[in-house]
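Worth knowing before you read on, the calculation uses all heavy atoms, side chains too, and leaves out hydrogens, waters and symmetry mates. Note that ligands are numbered from 1 as they come in the structure, with each ligand's atoms numbered from 1 the same way.
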Amino acid sequence: MAARIIDGKQIAADIREELKSEVSALKEKGIVPGLGVILVGEDPASKSYVSAKEKACGDIGIFSDDNRLPAETTQEELLELVGKMNRDPKINGILVQLPLPKHIDESAVLLAIDPDKDVDGFHPMNVGKMMVGEKAFLPCTPHGVVQLLKRSGVETSGAHVVVIGRSNIVGKPVANMLLQKKEGANATVTLCHTGTKNLAHFTKQADIIIAASGWPNTVTADMVKEGAVVIDVGVNRIEDTTRERGFRLVGDVDFEGIKEKASLITPVPGGVGPMTITMLLFNTVESAKRANGID
Ligand code: GUN
């Protein structure tokens, strides 16, 4: 079977159009959603992610308060800025780009963000609410994965989902979201990680594979059941001297091999990637609505 390719760019564009209309309607009520963005240091990948986030805000009418701080910024200075944003009524969401420089305690910074403005969904309060199935800000990449499945017509209820990777940003939350007794979830979830013996034993049983290991070719065609749905969260740079920039992006799965066997598969780039920023916009609009008693 040749797989249908899930067009993440198109699905993300559809959601952004919906959000743009919502933002216009809010503006008529005098409400402008605002996102505070903080980047510490010069990491090139982080800089490009943050620029993309700021541009995406502008495109749909969200105000973004952009703060680029030097790598030497102290934890105290960073916490002060977070505190200022917590108190600023124009700011509905706060995004501190990770990773932070080594001298800053990441969890102390995440803990300082007002949970009602935690549009990344990383604060333990939101993580806990998500886990017990209460309304919470959901972290953007896993929320994007769930939306891709939903909008591609994939039935998750009763399906066996195998997640590969146990990061706090992707693996653990996506597993958690999909096991909830809710529409668009209700799956049987197996979470595999670097401690898993015989990964293929589990992936071969999966109706849906979500790969978030951070390594190219973690999943190859022989590890996939005929007709499975494969969602690739990986973004890995591999050397490619035929490209001007010297590298190309690949995911965590062997796309070329698996696309002959799967029923649906996400490409890299153009699959999960565009959904992450989209769900950040979604959370920021949600937060602005909540702050104004709408919802
Ligand atoms: N670094 C990598 N992914 C993310 C993300 O989703 N949010 C933030 N704040 N930092 C990241």
Using only heavy-atom distances, determine whether the side chains of Arg248 and Thr242 contain a donor-acceptor pair under 3.5 Å. no
Residue pair Ser287 / Phe137, side-chain heavy-atom distance below 4.5 Å: yes
Exercise for review: Would you please indicate if the ring centroids of Phe282 and His143 are separated by under 6.0 Å?
Suggested key: yes
Checklist entry - Do Asp252 side-chain atoms and Ser213 backbone N/O form a donor-acceptor pair below 3.5 Å? => result yes
Report every pair formed by an N or O atom of ligand 1 and a protein N or O atom separated by less than 3.5 Å, giving atom names and the distance to 0.1 Å.
{"residue": "ligand 1", "atom": "1 (N)", "partner": "Gln97", "partner atom": "NE2", "Å": "3.3"}
{"residue": "ligand 1", "atom": "1 (N)", "partner": "Leu98", "partner atom": "O", "Å": "3.0"}
{"residue": "ligand 1", "atom": "7 (N)", "partner": "Asp120", "partner atom": "OD1", "Å": "3.1"}
{"residue": "ligand 1", "atom": "7 (N)", "partner": "Asp120", "partner atom": "OD2", "Å": "3.3"}
{"residue": "ligand 1", "atom": "9 (N)", "partner": "Val96", "partner atom": "O", "Å": "2.8"}
{"residue": "ligand 1", "atom": "9 (N)", "partner": "Asp120", "partner atom": "OD2", "Å": "2.6"}
{"residue": "ligand 1", "atom": "10 (N)", "partner": "Leu98", "partner atom": "N", "Å": "3.0"}

d(Lys129 NZ, Asp118 CG) to nearest 0.5 Å is 10.5 Å
Check for a donor-acceptor pair, side chain of Thr156 on one end and backbone N or O of Leu178 on the other, with a separation under 3.5 Å.
no
